[in-house]
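Values in this document were obtained by computation on a predicted structure and should not be read as measured data.
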Amino acid sequence: MLLPRLYGGVKENSFKNHINFLVLDYYLNFHQLDRNPKPVIVVTSEIVESIKIQLLALRYIKREVEEYETDKELKPSRFLKLTEKGEQIMYQLNAIKKLPRIK
């Protein structure tokens with residue numbers, strides 16, 4: 001799941017790494033493959049941008065600019081963070097469903 005990875009926010013330039021990791025992890029688990037040797041799966045920049053645009057359009061994530069201090073100046077850094085709507089969706093998707101009562 002991508003949304004929990006965005007909970008605290010991720011730098012926008014590392015978003016692709018998160019997507020690549022999730023795709024590889026899903027592929028290996030789905031096909032029950034050994035992780036050694038690790039298969040090569042490439043997610044193109046176009047696919048990552050498409051995912052980002054969809055999440056922004058659905059208002060699950062938002063862009064924020066935060067400044068951090070270096071030795072001499074403040075530098076801006078762009079982050080992707082969950083919106084309130086994104087958090088609610090994440091909670092719903094990850095919540096343990098109530099099991100039916102056994103009589």
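- In terms of heavy-atom proximity, I61 sits nearest to K52 at CD1-O, 4.0 Å.
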Under the side chain to side chain donor-acceptor pair (under 3.5 Å) criterion, do S50 and Q54 qualify, and how do the steps go? CA-CA 6 Å; S50 177; Q54 291 175 39; 3.1 Å; yes

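- The hydrophobic cluster containing I53 does not contain V23, counting ILVMFWY residues as joined when their side-chain heavy atoms lie under 4.5 angstrom apart, directly or transitively.
- Side chain of T83 to main chain of K62: no donor-acceptor pair is present (N/O by atom type, distance under 3.5 Å, no hydrogens or angles).
- Counting only distance, with no hydrogens or angles, the side chain of T44 and the backbone of I47 share a donor-acceptor pair below 3.5 Å.
- Across E87, E64, E12, a single residue satisfies salt bridge (charged side-chain N to carboxylate O under 4.0 Å, His left out) together with K81, and that is E64.
- Atom CD of E84 sits in a sparse spot, with 12 or fewer heavy atoms from other residues, nucleotides or ligands closer than 6.0 Å.
- Under the 4.5 Å side-chain heavy-atom criterion for ILVMFWY residues, no single connected hydrophobic cluster contains both F79 and M90.
- Here the options are E67, E66, K11, the test is side-chain contact (heavy atoms from CB on, under 4.5 Å), and the partner is S77; only K11 passes.
- Linking Ile, Leu, Val, Met, Phe, Trp and Tyr whenever their side-chain heavy atoms come within less than 4.5 Å puts L82 and L55 in one cluster.
- Other residues, nucleotides and ligands place more than 12 heavy atoms under 6.0 Å from the CZ atom of R63.
- Going from atom CD of Q88 over to atom NZ of K85 covers 11.5 Å, rounded to the nearest 0.5 Å.
- Atom NE2 in H18 sits 9.5 Å away from atom CG in L80 (nearest 0.5 Å).
- With values rounded to the nearest 0.5 angstrom, L22 atom CG is found 11.0 Å from N17 atom CG.
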